[in-house]
J.: 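One structure, as structure tokens, below. Some questions next.
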Amino acid sequence: MRKVAIIIPTKNNLKWLEVTINSLIENTDYEDYRIILVNPPCKDGSNEYCDYLAKKDKKIFVYHPD
């Protein structure tokens with residue numbers, strides 16, 4: 001079985017980030033996937049939310065570029 005990586009840019013997009021992540025998690029039957037959140041410094045709280053999601057779900061990884 002192949003692994004699938006879903007890469008999501010998150011810069012200042014907290015409003016849609018929650019909807020997007022929940023939709024991916026709730027509506028997929030495929031088990032072997034990873035969600036990679038690319039999260040540069042933001043002002044809307046998405047940095048903290050991304051870190052929270054990564055702690056909550058082992059399939060979610062966060063990349064914080066400088």
Side-chain angles (χ1 to χ4, degrees):
M1 192 174 278
R2 295 182 182 173
K3 288 186 180 181
V4 173
I6 303 163
I7 301 170
I8 302 172
T10 64
K11 184 161 175 99
N12 293 323
N13 207 5
L14 181 60
K15 176 181 175 181
W16 297 108
L17 180 61
E18 184 174 9
V19 172
T20 302
I21 298 299
N22 287 336
S23 178
L24 283 170
I25 292 170
E26 293 172 4
N27 294 309
T28 186
D29 294 331
Y30 191 68
E31 292 294 324
D32 201 12
Y33 70 93
R34 302 292 180 259
I35 298 172
I36 302 169
L37 304 174
V38 180
N39 187 250
C42 298
K43 298 178 181 179
D44 68 347
S46 59
N47 295 83
E48 293 82 9
Y49 186 68
C50 287
D51 290 337
Y52 164 76
L53 289 173
K55 288 178 185 175
K56 182 176 148 185
D57 190 328
K58 66 179 181 170
K59 293 182 179 189
I60 299 175
F61 299 88
V62 182
Y63 172 63
H64 294 287
D66 292 333

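Quick caveat, the model's predicted, so the values are computed rather than measured. Computation of the quantities below employed the complete heavy-atom set of this structure, encompassing side-chain atoms and omitting hydrogens, waters and symmetry-equivalent molecules.
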J.: Are Phe61 and Val4 co-members of a hydrophobic cluster defined by side-chain heavy atoms under 4.5 Å apart?
T.: no

J.: Where do Pro65 and Pro41 come nearest, in terms of heavy atoms and distance?
T.: O-CD, 3.5 Å

J.: In Å, rounded to the nearest 0.5 Å, how long is the span from CD1 of Ile21 to CD1 of Ile60?
T.: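 Separation between the atoms: 5.0 Å.
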
J.: In Å, rounded to the nearest 0.5 Å, how long is the span from NZ of Lys59 to CD1 of Ile25?
T.: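 Atom-to-atom, Lys59:NZ and Ile25:CD1 are 9.0 Å apart.
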
J.: Side chain of Ser23, backbone of Val19: donor and acceptor closer than 3.5 Å?
T.: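 Pair absent, no side-chain N/O of Ser23 close to backbone of Val19.
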
J.: Say you draw a straight line from OH of Tyr63 to CG of Leu37; how long is it, rounded to the nearest 0.5 Å?
T.: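 So the OH of Tyr63 and the CG of Leu37 are separated by 13.5 Å.
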
J.: Roughly how far apart are Leu53 CG and Ile35 CD1, rounded to 0.5 Å?
T.: 8.5 Å

J.: Compare all side-chain heavy atoms of Thr20 with those of Asn13 and state whether any distance is below 4.5 angstrom.
T.: no

J.: What is the minimum heavy-atom distance between Ile7 and Pro9, and which atoms define it?
T.: O-CD, 3.9 Å

J.: Hey, which of Glu48, Lys56, Lys55 is the one that makes side-chain contact (heavy atoms from CB on, under 4.5 Å) with Tyr52?
T.: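 Only one option passes, and that is Lys56.
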
J.: State the OG-CG distance between Ser46 and Leu17, to the nearest 0.5 angstrom.
T.: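 Going from the OG atom of Ser46 to the CG atom of Leu17 covers 6.5 Å.
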
J.: Just verifying a value: how many Å separate Thr10 OG1 and Asn47 CG, rounded to the nearest 0.5 Å?
T.: 7.0 Å

J.: State plainly whether one hydrophobic cluster holds both Leu14 and Ile36, where clusters connect Ile, Leu, Val, Met, Phe, Trp and Tyr through side-chain heavy atoms under 4.5 angstrom apart.
T.: no

J.: Walk me through whether Glu26 and Leu24 qualify under side chain to side chain contact (heavy atoms under 4.5 Å, CB included).
T.: CA-CA 6 Å; Glu26 293 172 4; Leu24 283 170; over 6 Å; no

J.: The test is side chain to side chain contact (heavy atoms under 4.5 Å, CB included); show your working for His64 and Asp51 and say whether it passes.
T.: CA-CA 10 Å; His64 294 287; Asp51 290 337; 2.8 Å; yes

